[in-house]
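So that the names make sense, note that chain A is the first sequence line, chain B the second, and so on, each numbered from 1.
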Amino acid sequence: MLDMKVIREKPDWIKDRLGTRGIKPEEIDELLTLDQQRREKITATEDLKAKRNKVSDQIAEVKRAKGDASETIAEMRQVGGQIKQLDKELAELEEKVRYILVRLPNIPKEDVPIGPNEDYNKEVRKWGTLPTWDFTPKPHWDIGEALGILDWDRAAKVTGARFVYYKGLGSRLERAVYNFMLDEHQKEGYEEIIPPYLVNKDSMFGTGQFPKFTKDVYTIIDEDEPLTLIPTAEVPLTNYYRGEILDEKQLPVYFTALTPCFRSEAGSAGRDTRGLIRMHQFNKVEMVKYVKPEESWNELEKLTNDAEEILQKLKLPYHVITLSTGDASFTSAKTYDLEVWIPAQDTYREISSCSNCTDFQARRAQIRYRDADGKVHLVHTLNGSGLAVGRTVAAILENYQNEDGSVTIPDVLVPYMHGITKITKENANGLN
RNA sequence: GGAGAGUUGGCAGAGUGGUAAUGCACCGGACUCGAAAUCCGGCGAACCGGCUAAUACCGGCGCACGAGUUCGAAUCUCGUACUCUCCUCCA
């Protein structure tokens, strides 16, 4: 959520910046008009309330002196009615202001490439050398199926499309990858968290998924209290401090968590129908930071580096891109995506997204800190995947595949694989 | 799932229809070489609006949250959330 004061004071700047994200200037004008009306209404109703408070005191005094205040009371009955009416009108105006305000995206940072879609994303840097083979590399779903470590057919039977069973060393590899990530992140100072996987609607609002993106998630209706299956650990991690005022000395706070993520993938029918790239349920190791505003841009670079280090240690080629104004998420002021090399598709695919949400989520979720002078400020929140586990497994299967269909285990994962250096048809069930 | 109790300022804790006590803490002052103790005074979250150079001032709001009754609600009514205790159930 944006600061209404800033919109009021710099409307042209806001129109210009949000214009890069597809917001029409008329929408801002409407917001400003409603805000003006709202403030006038507040003045009117507060004047009456001040009067009511004053006269109520007088009535109390008269009553204490055993006097008769019936005339004043009759008069105030009217004022009470007026206040009620004005408050109702005010509530309506506030709802209209809020309706627009909570649907406006964050303001992009000045250095974010401007453009309506992913074609305008900009490559920042590239790492690693692309693998070459004497044979045609296979897609990871073929590798996994042939080894018997991934089973889509059974998942389709039991649940439906976009679900999978991991089996044997496939399961162990998944576990190896996320345990490795969690351990690495903890070395960088991220506290490990196991959060709830179901969250309420206030939490979904706090991190910006609601009210705009309700159809992208799964919501469970349990009597009157709907709960949403988290689409990312960002939601429970960032809402952890919702509504709280932290002490300056607590900052920065770094959290990391492995969680399943659930996404309905509405609107992506036909895309990535095979493999681990686009699932309704997948594991992700997430990093979330709460920082002081002046630190947040530096923290975004560090966060991105922390995610990159995982790929470097796994020796997976990737590049970093800055998402354009039109491609970045609703809450983000600037986002770096890490895209890992997927040989069978001969392209880079997103494996991590690292964003500085500035005060956008903090304002929605009311996450603040008190500085040394006792003043209260909004924190800045950041989040990044470090990394999407399923996609990492896909990248490993493809980049580390051998001609005989086996897959070599990246060195750093061997200890996590209990010493296994290669997955073959023979050892794939993990029982020997 | 059943029954009961609770939720007031940073903490503790009064207050059952008429300006939210008091203590600790905190801030300022007195005393003192200085400090502690003591005394005096003060502020009391956060948010919103007005006026602004202003974190100054004025006002609103504010006693878990929401609605209602009333001239007036921390106080009465209804609903909700959470916490605690007991029973039941349970990985």
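- Applying the ring-ring contact (aromatic ring centres under 6.0 Å, His included) rule to A:Tyr241 yields the partners A:Tyr290; only residues at least two apart in sequence or on another chain are considered.
- Evaluation of the ring-ring contact (aromatic ring centres under 6.0 Å, His included) rule for A:His140 yields no partner, not counting sequence neighbours.
- In this structure, A:Glu174 has no salt bridge (Lys or Arg N to Asp or Glu O under 4.0 Å) partners at least two apart in sequence or on a different chain.
- For A:Arg38 and B:rG49, the shortest distance from a side-chain N or O to OP1 or OP2 is below 4.0 Å.
- The ring-ring contact (aromatic ring centres under 6.0 Å, His included) test applied to A:Tyr240 returns A:Phe255, not counting sequence neighbours.
- A:Tyr218 pairs by the ring-ring contact (aromatic ring centres under 6.0 Å, His included) definition with A:His280, not counting sequence neighbours.
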Per-nt protein contacts along nucleotides 52-60 of chain B (heavy atom under 4.0 Å; B base, S backbone sugar-phosphate only, - none) come out as -------BS
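- Every pair passing ring-ring contact (aromatic ring centres under 6.0 Å, His included) that includes a residue from residues 349-374 of chain A is listed here, sequence neighbours excluded: A:Phe330-A:Phe360, A:Tyr369-A:His377.
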Distances for protein N/O vs nucleotides 16-18 of chain B N/O pairs under 3.5 angstrom?
none

With both pairing distances under 3.5 angstrom for Watson-Crick or G-U wobble, and | for a partner in another strand, the correct string for RNA chain B is ((((((((.[[[..)..(...]]].(((((.......)))))....((((......))))...[[[[[..)....]]]]])))))))....
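- Of the side-chain N and O atoms in A:Arg370, one or more sit less than 4.0 angstrom from OP1 or OP2 of B:rA46.
- Residue-level contact check: A:Arg363 touches neither bases nor backbone, having no heavy atom under 4.0 Å from any strand.
- Among the atoms of the strands shown, none is found under 4.0 Å from any heavy atom of A:Lys41.
- For RNA chain B, none of the residues of residues 86-103 of chain A falls under the heavy-atom distance limit of 4.0 Å.
- In this structure A:Arg349 satisfies the salt bridge (Lys or Arg N to Asp or Glu O under 4.0 Å) test together with A:Asp272, sequence neighbours excluded.
- The side chain of A:Arg39 places no N or O atom within less than 4.0 Å of a non-bridging phosphate oxygen (OP1 or OP2) of B:rG49.
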N/O donor-acceptor pairs under 3.5 Å from side chains in residues 107-118 of chain A, not counting sequence neighbours:
unit_1   : atom_1 : unit_2   : atom_2 : d
A:Asp111 : OD1    : A:Lys334 : NZ     : 3.4
A:Asp111 : OD2    : A:Lys334 : NZ     : 2.9
A:Asn117 : OD1    : A:Asp119 : N      : 2.9

